[in-house]
Amino acid sequence: MIEIVLGLLLVAGAFIILTGAGDTLGLSNIDFFPLLGYGGTGFILALGILLIAAGLSRRAMQRHHERRHTIRSARLTAAAFLGAASLAVGLPLAAEPFNLLRLEGFPVGYYLAAQGGLIGLVILAFVWAGRQNRIDAEGAGNE
Amino acid sequence: MSDIAAHPVAERSTPLSLAGLSAAGRAVPVSLLAALPGLVYFAGYDHLAYGLGILAGVVLAGLLIAPKLSALGASSAAGALRERHGRTAAAVAALILVLTTIPLIGAEVSFIARVAANAVAVPETWAVLGMALLIALATVALGEAPLRVLSAIAYLLLAASLIVPLCLIAVKAQGLVFPHFAFGHALADLHGIEEQLLEAGVVDFDTFSAHTAPFIRLSQLDVFALVVTLALGVAVLPQLLAALATRKRPAVTRLAGAWTALFMMLLLVTVPALVAFVKLEIYGLVAKATPLAELPAWLEAPLRSGFVHLYGTSLHLLDQVTDAVRAGSENADAIAGAFSADTQALGRWQALDPQIQEAMVASARTLVAEPSASSWTIYLTSVLPAASAAAGNETAALTQAALVIEPLGLVFAIPALTEHPAEISLLFAAAAVCAGVVMAASLARSVSDLGFAAPSGEKSRSHPLLALVVVAAAVGVALLRREDLVTLVVCVFAIAAAGLFPALSVGLSWRRATAAGVVAAMIAGAGTTGYYIVATTFFPATFYATWPQLSNAGEAAIEEFSTLETEAREGENDEAREIAAKALQDLIGGTPSREGLANWAGVDRASSAVFGVPAGLLALLLVSAVTPSRRRRSEAGDAQP
């Protein structure tokens with residue numbers, strides 16, 4: 001339950017930052033948007049949605065024990081899909097500030113898009129496969 | 001399910017690492033893979049999106065889609081949809097697969113024919129027919145096991161043709177280093193040369209972009225759309241799914257998918273390193289203002305490939321002109337007539353300044369009169385001086401803007417930069433032909449085993465004749481379309497992604513998905529993306545007139561559009577109206593250096609899966625919500641994610 005409440009608070013916060021609704025709530029002196037931008041606000045929104053989804057799936061597993069395997073699989077798929085999206089899409093879009101740093105001649109943002117994201121995707125693939133296979137094995141054991 | 005649990009990795013007729021190696025050899029069309037160095041050379045950071053999109057697609061294919069196919073006992077998208085949603089859904093999927101497979105095989109044939117024609121000096125049309133014959137033979141005569149072995153060999157050859165030259169070039173530049181990590185120093189040196197060129201004011205901003213700076217050639221939205229299109233397109237490629245889903249246990253399929261991703265990653269991380277060293281070498285020539293008459297000999301091979309041009313000319317074009325002169329053409333008009341069957345050569349010829357055409361005809365006459373003369377020397381001493389003079393280059397030195405490398409051109413320059421150009425060229429030719437034939441044969445075989453005709457529960461029948469018809473149609477595509485293969489391939493990925501991804505990802509796992517919903521998703525997805533691609537390519541004016549409010553055109557462009565539209569309608573005379581109409585056409589349809597007005601939110605037509613996939617998902621959700629499920633297999637559907 002705590003995850004759902006925290007998630008709702010984060011989603012509401014993201015909307016307040018985006019729409020400037022702080023004015024109506026008497027928070028006009030605190031404007032976080034220039035600090036966070038669309039990327040930061042989007043991150044808060046995504047974190048909120050993830051927390052809500054995690055809370056809902058946990059509740060669903062407690063209530064429908066017979067669908068535990070399906071819900072765990074769906075949760076893993078969603079998390080892995082988000083992970084792949086972050087590495088393949090999020091990483092190259094967020095490269096600009098990382099390029100200010102140089103490591104062994106590499107602008108770090110360029111390195112992350114050229115190699116880091118690719119290596120991350122492969123690690124994700126093995127972790128995803130291993131976890132899903134374990135979920136399948138546990139599901140079959142329970143049956 | 002218990003079967004899977006009892007033997008999670010039991011199905012190991014071949015080690016999973018080898019299965020991954022074999023699947024990696026036919027994961028992505030070689031016409032796209034070979035273009036990656038050229039793409040990264042052109043746009044630097046922005047085109048790293050290709051590698052990320054491709055690998056994300058391989059991960060999704062291996063971990064998300066192929067296990068679902070395995071669980072249903074199918075090896076193709078159409079087979080899986082038949083099992084879950086019946087024959088109508090399978091037939092629609094089969095239609096999308098056939099329509100997307102033909103251009104993909106066509107691109108493969110076109111590219112490997114060009115490689116083979118370069119390697120053994122035969123006319124390209126003959127090379128196309130020879131490659132098509134090879135593919136047809138491989139499709140019909142080879143079984144799955146020999147194709148798997150050939151696919152693994154193709155991967156090893158491809159990896160060697162990238163990694164060996166990278167090591168050789170890196171050792172030449174930096175001594176004994178591990179190039180995948182040492183190319184950071186090459187990037188730093190390249191950055192220095194780019195700054196030097198910028199300070200000297202000798203760059204053309206239409207073609208130049210700082211290599212490591214993001215979002216110069218593509219906007220953030222373009223990068224997003226490109227990665228999404230490539231990822232979802234690769235995830236539903238039929239030959240990749242067929243290679244992975246041959247294992248009947250999802251657990252084993254997943255691990256094979258992860259190994260495939262690992263092997264693809266090893267190829268993809270090599271590309272940026274290779275490009276850094278090659279670009280450093282080429283930009284070094286530009287920075288030194290190398291006289292055109294003293295160009296290094298390693299430029300000969302790429303200029304002969306036809307994918308690299310200097311002031312619009314190339315040795316490939318000079319060879320074609322020489323053939324025309326030998327056949328009796330005596331002047332520029334007669335040569336244009338001789339090129340009439342080859343639209344690509346005709347376009348390049350007509351784009352040249354008359355002064356350059358004259359120099360090329362004179363050079364061709366010399367080559368006909370003296371067959372022992374070196375075409376490279378004559379090109380350097382006769383054609384290039386005329387070309388640089390026509391371009392107003394008084395110094396007759398190599399400039400960054402003069403040298404245009406098409407995406408597929410850089411792979412022809414790479415062997416020449418090593419100390420063993422002949423061996424590396426041969427290695428690359430063998431790798432490209434082997435991988436292209438395996439890829440095309442695998443695609444054709446995936447069509448022959450669509451499985452929608454067999455009744456549920458029975459093993460689907462194979463249709464080799466259908467595969468041969470598809471190969472024959474692909475030859476037609478290869479003969480008609482010889483340039484811009486990358487755009488062709490990515491457009492096909494976009495249609496495949498929009499048509500099949502919602503149906504395969506959600507339609508196979510969501511227990512409330514209905515057959516009608518899945519059919520609607522495929523039609524809506526492929527229809528939306530297909531409409532966007534066709535309309536913006538062939539009817540841009542009508543497209544813009546229909547959706548002006550969705551275009552990203554700025555105020556200045558809209559004003560220019562109104563002015564040109566008026567001029568094209570009410571110009572003083574026919575000539576003025578014609579010029580205005582041509583300018584209007586370019587403004588709406590776009591040019592290589594300027595985006596057209598005919599778009600939705602500025603998204604490139606090749607990345608239009610970002611419209612089709614949401615349309616497909618929406619159609620699936622809405623239609624499934626209002627139609628009853630005819631084939632309820634909820635428990636079986638629940639058992640596998």
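Throughout, protein chains are lettered first and strands after them, A, B, ... in sequence-line order, and every chain is numbered starting at 1.
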Between [X] and [Y], which heavy-atom pair has the shortest distance, and what is it?
X	Y	value
B:Gln220	A:Leu93	NE2-O, 3.3 Å
A:Glu96	B:Pro214	CG-CG, 3.9 Å
B:Val227	A:Val89	CG1-CG2, 3.6 Å
B:Leu55	A:Leu118	CD2-O, 3.4 Å

Per-residue contact mode, B:Ala231 against chain A (heavy atom under 4.5 angstrom) = neither

Is the number of heavy atoms from other residues, nucleotides or ligands within 6.0 Å of [atom1] ([X]) greater than 12?
X	atom1	value
B:Tyr283	OH	yes
B:Phe215	CZ	yes
B:Arg217	CZ	yes
A:Phe126	CZ	yes
A:Arg102	CZ	yes

inquiry  = Quick one, B:Leu63 with A:Gln132, criterion side-chain contact (heavy atoms from CB on, under 4.5 Å). Give me CA distance, side-chain angles, the key distance, then yes/no.
reply    = CA-CA 9 Å; B:Leu63 279 295; A:Gln132 184 61 57; over 6 Å; no

inquiry  = Just so I understand: if I count every heavy-atom pair under 4.5 Å between each of A:Ala84, A:Ala80, A:Pro92, A:Gly90 and chain B, which residue has the most?
reply    = A:Pro92

key: Pairs of heavy atoms under 4.5 Å with chain B: top-ranked of A:Gly117, A:Ala95, A:Ala85   = A:Ala95

Calculate, to the nearest 0.5 Å, the distance between atoms [atom1] and [atom2] belonging to [X] and [Y] respectively.
X	Y	atom1	atom2	answer
A:Tyr111	B:Leu48	OH	CG	12.5 Å
B:Ile54	A:Leu121	CD1	CG	12.0 Å
A:Ile119	B:Leu262	CD1	CG	10.5 Å
B:Leu187	A:Glu104	CG	CD	12.0 Å

inquiry  = Counting only non-hydrogen atoms closer than 4.5 Å, does A:Leu91 touch chain B with its backbone (N, CA, C, O), its side chain (CB onward), both, or neither?
reply    = backbone

note = When the 4.5 angstrom heavy-atom criterion is applied to A:Arg134 and chain B, the contacting part is neither

message = I'd like to know whether A:Phe106 forms a side-chain contact (heavy atoms from CB on, under 4.5 Å) with B:Thr212, so could you lay out the CA-CA distance, the side-chain angles of the two residues, the decisive distance to 0.1 Å, and finally the verdict.
response = CA-CA 9 Å; A:Phe106 287 109; B:Thr212 57; over 6 Å; no

Distance-only criterion, 3.5 Å: show the donor-acceptor pairs between side-chain atoms of residues 268-278 of chain B and protein atoms not counting sequence neighbours.
| residue | atom | partner | partner atom | Å |
| --- | --- | --- | --- | --- |
| B:Thr270 | OG1 | B:His180 | NE2 | 3.0 |
| B:Thr270 | OG1 | B:Leu266 | O | 2.8 |

request  = Just say parallel, tilted or perpendicular for the rings of B:Phe183 and A:Tyr110, cut-offs at 30° and 60°.
outcome  = perpendicular

task = Considering only NZ, NE, NH1 and NH2 on the basic side and carboxylate oxygens on the acidic side, decide whether B:Arg249 and A:Asp136 come within less than 4.0 Å.
result = no

inquiry  = Give the interface residues of residues 3-10 of chain A toward chain B, defined by a heavy-atom separation under 4.5 Å.
reply    = none

